[in-house]
Asker: 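To start, I am sharing the structure in question, which I have written as structure tokens.
Read the numbers this way: they start at 1 and go in the same order the structure lists the ligands and their atoms. Heavy atoms only: backbone and side chains are in, while hydrogens, waters and symmetry mates are out. None of these values were measured; they are calculated from a predicted model.
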Amino acid sequence: MTRIHHRTCNICEANCGVVIATEGREILSIKGDPANALSRGHICPKATALEDLQNDPDRLRAPQKRTGSTWETISWEQAFAEIGERTRAILEHDPKAAALYVGNPNAHSYGNTLTTGDLKRALRTRAVFSASTVDQMPHQVVNLRLYGHSGLWAIPDIDQTQTMIILGGNPMASNGSVWTVPDFRNRAKALQARGGQLVVIDPRRSETAKIADRHIFIRPASDAFLLIALLKALQPGVPALSPHIRNLDALWQALAPFDSAACLERAGVSASDVAFLVERLLAGPAALYGRIGATTQAFGTLVAWLIACVNIVSGQLDRTGGLVFPSPVIDMVARTGPGGSGRFHSRVSGHPEVLGEFPAAAMSEEIETPGEGQIRALFVVAGNPVLSTPNGGRLDRALAGLELMVSVDMYRNATSRRAHYILPPVGPLERDHYGLFLLPMAVRNFAAYSPPLLAPAGGGKQDWEILRGLAEAISGERVAGRSPREILDQMLQAGPYGISLAQLEAAPSGLDFGAPEGGRLPDRLQTKDKTIDIAPATFVADLARLSGEMARPVDARLRLIGRRHVRSNNSWLHNSPRLVKGKERCTLMINPADARARNLGDGSLAEVISRTGTVRLKVEVTDDMMPGTVSIPHGWGHGLEGIAMQTAQAHAGVSLNDLTDETAIDPLSGNAALSGIPVEIRAAG
Ligand SMILES: Nc1nc2c(c(=O)[nH]1)N[C@H]1C(S)=C(S)[C@@H](COP(=O)(O)OP(=O)(O)OC[C@H]3O[C@@H](n4cnc5c(=O)[nH]c(N)nc54)[C@H](O)[C@@H]3O)O[C@H]1N2
Ligand SMILES: Nc1nc2c(c(=O)[nH]1)N[C@H]1C(S)=C(S)[C@@H](COP(=O)(O)OP(=O)(O)OC[C@H]3O[C@@H](n4cnc5c(=O)[nH]c(N)nc54)[C@H](O)[C@@H]3O)O[C@H]1N2
Ligand code: SF4
Ligand SMILES: [Mo]
């Protein structure tokens with residue numbers, strides 16, 4: 001008998017509603033759910049691949065143990081018992097020898113979010129790393145310093161704005177990030193239909209730039225310069241600001257020494273483009289949104305701050321049609337501490353912790369460097385840092401030296417092949433889902449809950465059960481506490497809309513509480529004095545580093561940036577035959593002039609050399625690339641020995657992060673500088 005289920009896709013941040021038809025355990029179809037008020041029927045090709053993921057023969061279904069290069073399947077009891085014993089032995093020798101790396105899918109799993117702390121406590125470790133420091137950490141530092149809480153986001157009100165400006169984001173491929181905006185294409189179309197404009201600032205004419213009303217090229221990693229010139233151009237026209245903003249004079253003073261013309265030259269942006277932006281911002285409503293291309297830079301925090309400054313001084317913060325603070329159904333801001341930084345430092349390089357984490361880029365040195373506190377036992381939860389963090393090649397070698405490594409992952413991939421134990425969670429349709437961290441950034445105040453669609457096969461465990469199991473095995477104590485589902489119910493009931501999980505489950509396409517609106521200041525602010533200090537001293541001080549950069553001559557080498565494709569997700573969807581099929585995607589995109597100068601033809605083989613490594617890959621000549629800039633997508637490089645993912649291995653590609661530099665870090669956030677890596681390129685003989 002065919003059954004129809006309404007669920008939420010749990011692959012990326014967009015949280016699209018899906019309608020899945022099944023017969024027994026067979027999946028007949030996966031379609032968009034038109035009744036879902038957030039995604040309105042939209043899905044991307046990855047949703048249909050939920051089936052591939054669920055049925056993938058390479059997906060691990062029971063714990064794996066490695067001895068040398070031999071893998072065997074073991075029971076959960078044996079896995080927990082051995083890991084517990086081995087971890088305790090290591091900690092007895094050195095109580096600081098354990099570390100944790102938390103990967104991106106944790107942000108899409110409320111069960112993980114609610115139980116990672118159990119494992120951390122059992123490991124008694126401060127050595128915590130995550131994908132946040134190769135991603136959005138600069139935004140969170142800015143949220144903390146400006147709004148008083150690292151998790152308090154202001155999101156672009158695309159549905160009610162007249163100008164949507166995107167700096168270093170490509171939602172046509174990514175479906176949005178730190179901004180839950182499913183159905184971006186139609187939202188952009190509606191903006192254009194009401195006479196509004198979409199503007200994209202990007203070194204590549206991206207898929208989003210191609211549908212924009214205006215695309216402005218920018219030199220990689222020069223966004224801070226553009227933003228300073230933009231702020232200075234806005235200054236004469238700024239409206240009277242809300243009484244909740246203070247220290248504006250300090251901002252203007254700090255920017256005074258910068259020369260706008262020199263800044264624009266550095267960024268490769270024309271004064272007329274800036275004049276256009278000024279006009280649109282001051283006319284309003286308008287929203288400037290910056291994403292990963294703009295924050296994975298050595299000046300990532302400055303960029304995120306200057307973006308906020310542009311929105312604030314042009315009167316767009318907390319304005320309907322500008323940047324709005326949503327009213328989430330579960331308010332994590334009210335339920336968690338604000339976060340801090342600099343309360344302790346990393347052992348080898350003395351990096352300050354940021355929100356309780358050290359830079360992912362510093363993981364290798366912490367594993368390699370002998371002494372007390374050297375990492376000997378590493379737990380990787382839903383992460384693939386060998387492919388996703390800078391100089392992954394170095395990390396890969398470092399991992400080989402660990403006494404104990406445990407990966408909670410459903411694949412034996414570039415990272416988990418180094419583990420001594422791989423503990424796989426159940427398939428994507430065998431777990432429940434609520435967008436705990438993502439719905440608070442959504443373009444609707446919205447909630448939806450998905451119970452597991454299929455019963456777990458063969459004694460499989462959800463991630464949270466694995467994390468609790470590990471915590472108990474290591475500490476030797478039972479972890480008291482409710483299940484994530486019970487906690488979720490309680491959080492929903494305690495939230496501003498007071499709904500129960502049962503009420504939410506009775507609405508399979510979700511409950512919609514309307515569009516976020518402006519006018520939430522000062523109540524929503526979490527700062528002690530309920531104001532926004534627009535010029536925090538630490539940010540202003542960091543401008544000196546930017547001046548230093550300005551004084552240095554421009555490096556003449558080509559600049560390497562990354563990209564995403566709508567049919568892949570970071571490193572882990574390349575084992576789906578229907579997602580990888582078609583034209584080869586892991587290519588070097590290069591402008592025709594730059595290609596000609598190096599004797600590179602379309603389809604030829606190039607060698608790309610950086611400080612950290614060399615890769616060879618196929619050339620794609622395209623004037624979508626700004627001259628002087630080249631692009632390689634991240635997440636590829638599945639050709640390493642010991643990986644067990646047949647389809648991915650057949651489409652191995654190379655790893656962008658063999659070229660990125662682990663020593664290039666934004667000091668204020670610990671975030672890796674991944675954009676604009678200087679490289680040399682030549683024809684591979
Ligand atoms: N050069 C460059 N590097 C980048 C980026 C870039 O743009 N350029 N982007 C960065 C960004 S934004 C991010 S978020 C990071 C991602 O960095 P990571 O999180 O380290 O890497 P992912 O590729 O997302 O790997 C996720 C892993 O989790 C596993 N997995 C998937 N779903 C689940 C699940 O439900 N449970 C469990 N236990 N495991 C699961 C997958 O098999 C995979 O091994 O990469 C970053 N790296
Ligand atoms: N299909 C798909 N969707 C995804 C993912 C995926 O891998 N595939 N990953 C998910 C994750 S973890 C995240 S964090 C989000 C990321 O979401 P987005 O931030 O939208 O990510 P990208 O598509 O990489 O877009 C970054 C853009 O920045 C540009 N760029 C690079 N360097 C610079 C620079 O120095 N300055 C400026 N102004 N632009 C620059 C790039 O050309 C690119 O177009 O996507 C999420 N969604
Ligand atoms: S955009 Fe993201 S949430 Fe929506 S269908 Fe695609 S992968 Fe799933
Ligand atoms: Mo990310």
Asker: So which heavy atom on Ser132 is nearest to which on Gln140, and how close?
Answerer: OG-OE1, 4.3 Å
Asker: Between Ser174 and ligand 2, does any nitrogen or oxygen pair lie at a separation below 3.5 Å?
Answerer: yes
Asker: Evaluate the criterion side-chain hydrogen bond (donor to acceptor under 3.5 Å, both in side chains) for residue pair Thr587 and Arg563; output intermediate values, then yes/no.
Answerer: CA-CA 10 Å; Thr587 58; Arg563 66 177 187 270; 2.9 Å; yes
Asker: At under 4.0 Å between heavy atoms, is it the side chain or the backbone of Asp463 that contacts ligand 1, or both, or neither?
Answerer: side chain
Asker: Taking atom CD of Glu265 as the centre, does the number of heavy atoms from other residues, nucleotides or ligands within less than 6.0 Å exceed 12?
Answerer: no
Asker: Taking distance alone, with no angle check, do Cys12 and ligand 2 share an N/O pair under 3.5 Å?
Answerer: no
Asker: Before signing off on this row, confirm whether Asp409 and ligand 1 have an N or O atom pair separated by under 3.5 Å.
Answerer: yes
Asker: Do you know which two heavy atoms are closest between Ala308 and Val142, and how far apart they sit?
Answerer: CB-CG1, 4.3 Å
Asker: For the residue pair Gln297 and Ser222, what are the closest heavy atoms and their distance?
Answerer: OE1-N, 4.3 Å
Asker: In ligand 2, which numbered atoms sit nearer than 4.0 Å to a non-hydrogen atom of Asp202?
Answerer: 27 (C), 28 (O), 29 (C), 41 (C), 42 (O), 43 (C), 44 (O)
Asker: Looking only at distance, does Lys46 have an N or O less than 3.5 Å from an N or O of ligand 2?
Answerer: yes
Asker: Establish, from distance only, whether the side-chain atoms of Asp661 and Thr612 form a donor-acceptor pair under 3.5 Å.
Answerer: no
Asker: For atom 4 (C) of ligand 1, state which one of His634, His433, Arg59, Glu13 supplies the nearest heavy atom.
Answerer: His634
Asker: Compute the centroid of each ring, for Trp179 and then for Tyr289, and state whether the two points are separated by less than 6.0 Å.
Answerer: yes
Asker: Within the 4.0 Å heavy-atom shell around Ile561, which atoms of ligand 2 are there?
Answerer: 31 (C), 32 (N), 42 (O)
Asker: Using a strict cut-off of less than 4.0 Å between a Lys/Arg side-chain nitrogen and an Asp/Glu carboxylate oxygen, indicate whether Arg578 and Glu51 qualify as a salt bridge.
Answerer: yes
Asker: Starting from atom 40 (C) of ligand 2, which protein heavy atom do you reach first, and at what distance in Å?
Answerer: Pro203 CD, 3.3 Å
Asker: Does the side chain of Arg564 come under 3.5 Å of the side chain of Asn569 through a donor N or O and an acceptor N or O?
Answerer: no
Asker: Can you find a non-hydrogen atom of Pro385 under 4.0 Å from ligand 1?
Answerer: yes
Asker: Taking the side chain as every heavy atom from C-beta outward, state whether Val443 and Leu38 have any pair of such atoms under 4.5 Å apart.
Answerer: yes
Asker: Can you tell me which portion of Ser675 lies within the under-4.0 Å heavy-atom range of ligand 2? Options are side chain, backbone, both, or neither.
Answerer: side chain
Asker: Taking the side chain as every heavy atom from C-beta outward, state whether Pro385 and Met363 have any pair of such atoms under 4.5 Å apart.
Answerer: yes
Asker: What do we get for Val408 next to ligand 1 when only non-hydrogen atoms under 4.0 Å count, side chain, backbone, both or neither?
Answerer: both
Asker: Taking 4.0 angstrom as the limit and counting only heavy atoms of Ser177, give me the atoms of ligand 2 inside it, by number and element.
Answerer: 13 (C), 14 (S), 15 (C), 16 (C), 17 (O)
Asker: If every non-hydrogen atom of Ile30 is compared with every non-hydrogen atom of Ala47, which pair is closest and at what distance?
Answerer: CD1-O, 3.5 Å
Asker: What protein heavy atom lies closest to atom 33 (C) of ligand 2? Include the residue and the distance to one decimal.
Answerer: Gly293 O, 3.3 Å
Asker: Would you say the side chain of Val608 lies within less than 4.5 Å of the side chain of Val630, judging by non-hydrogen atoms?
Answerer: no
Asker: If you take all heavy atoms of Ser206 and Val200, which pair is closest and at what distance?
Answerer: OG-CG1, 4.2 Å
Asker: Are the side chains of Asn575 and Tyr411 in contact, using a 4.5 Å heavy-atom criterion?
Answerer: yes
Asker: Compare all side-chain heavy atoms of Leu573 with those of Leu53 and state whether any distance is below 4.5 angstrom.
Answerer: yes
Asker: Is there a polar contact between ligand 1 and Asn384, counting only N or O atoms under 3.5 Å apart?
Answerer: yes
Asker: Return the closest protein heavy atom for atom 25 (O) of ligand 2 as residue, atom name and distance.
Answerer: Asn170 N, 3.4 Å
Asker: Looking at non-hydrogen atoms alone, which of Gln136, Arg564, Arg563, Arg291 comes nearest to atom 11 (C) of ligand 1?
Answerer: Arg564
Asker: Looking only at protein heavy atoms, which one is nearest to atom 7 (O) of ligand 2, and how far off is it?
Answerer: Asn570 N, 2.6 Å
Asker: Please confirm whether Ala221 comes within less than 3.5 Å of ligand 2 when only nitrogen or oxygen atoms on both sides are compared.
Answerer: yes
Asker: Tell me which protein heavy atom sits closest to atom 8 (N) of ligand 2, plus the residue, atom name and distance to 0.1 Å.
Answerer: Ser568 O, 2.5 Å
Asker: Quick one: does Gly168 get an N or O within less than 3.5 Å of an N or O on ligand 2?
Answerer: yes
Asker: Is the shortest heavy-atom distance from the side chain of Asn10 to the side chain of His108 under 4.5 Å?
Answerer: no
Asker: What residue and atom, counting heavy atoms only, is the protein's closest point to atom 14 (S) of ligand 2, and at what distance?
Answerer: Asp135 OD2, 3.2 Å
Asker: Relative to the heavy atoms of His565, which atoms of ligand 2 are at a distance of less than 4.0 Å?
Answerer: 1 (N), 2 (C), 8 (N)
Asker: I'd like to check whether Ile292 has a polar contact with ligand 2, where a contact means an N/O of the residue lying under 3.5 Å from an N/O of the ligand.
Answerer: yes
Asker: Which of these, Ser655, Gly103, Gly383, has its nearest heavy atom closest to atom 27 (C) of ligand 1?
Answerer: Gly383
Asker: Considering only heavy atoms of Ile201, which atoms of ligand 2 have at least one such atom less than 4.0 Å away?
Answerer: 38 (N)
Asker: How does Pro105 reach ligand 1, by side chain, by backbone, by both or by neither, if only non-hydrogen atoms under 4.0 Å count?
Answerer: side chain
Asker: For ligand 2, is there an N or O atom under 3.5 Å from any N or O atom of Gln297?
Answerer: yes
Asker: Does any N or O atom in Arg567 lie less than 3.5 angstrom from one in ligand 2, N or O only?
Answerer: no
Asker: Looking at non-hydrogen atoms alone, which of Asn104, Leu387, Val134, Asn657 comes nearest to atom 10 (C) of ligand 1?
Answerer: Val134
Asker: Considering only the protein, which heavy-atom contact is closest to atom 6 (C) of ligand 2, and what is its distance?
Answerer: Asn569 OD1, 3.2 Å
Asker: Under 3.5 Å, is there a donor on one side chain and an acceptor on the other for Thr8 and Asn15?
Answerer: no
Asker: Report yes or no: do Ser270 and Asp273 form a side-chain donor-acceptor pair below 3.5 Å?
Answerer: yes
Asker: To which protein heavy atom is atom 36 (N) of ligand 2 closest, and what is the distance rounded to 0.1 Å?
Answerer: Asp223 OD1, 2.9 Å
Asker: Is there a polar contact, in the sense of an N or O pair closer than 3.5 Å, between Tyr101 and ligand 1?
Answerer: yes
Asker: Using a heavy-atom cut-off of under 4.0 Å, does the side chain or the backbone of Asn10 touch ligand 1, or both, or neither?
Answerer: neither
Asker: Say whether Pro425 and ligand 1 are in contact under the criterion: heavy-atom distance to a ligand atom below 4.0 Å.
Answerer: yes
Asker: Scan side-chain atoms only and decide if Tyr449 and Asp432 contain a donor-acceptor pair under the 3.5 Å cut-off.
Answerer: yes
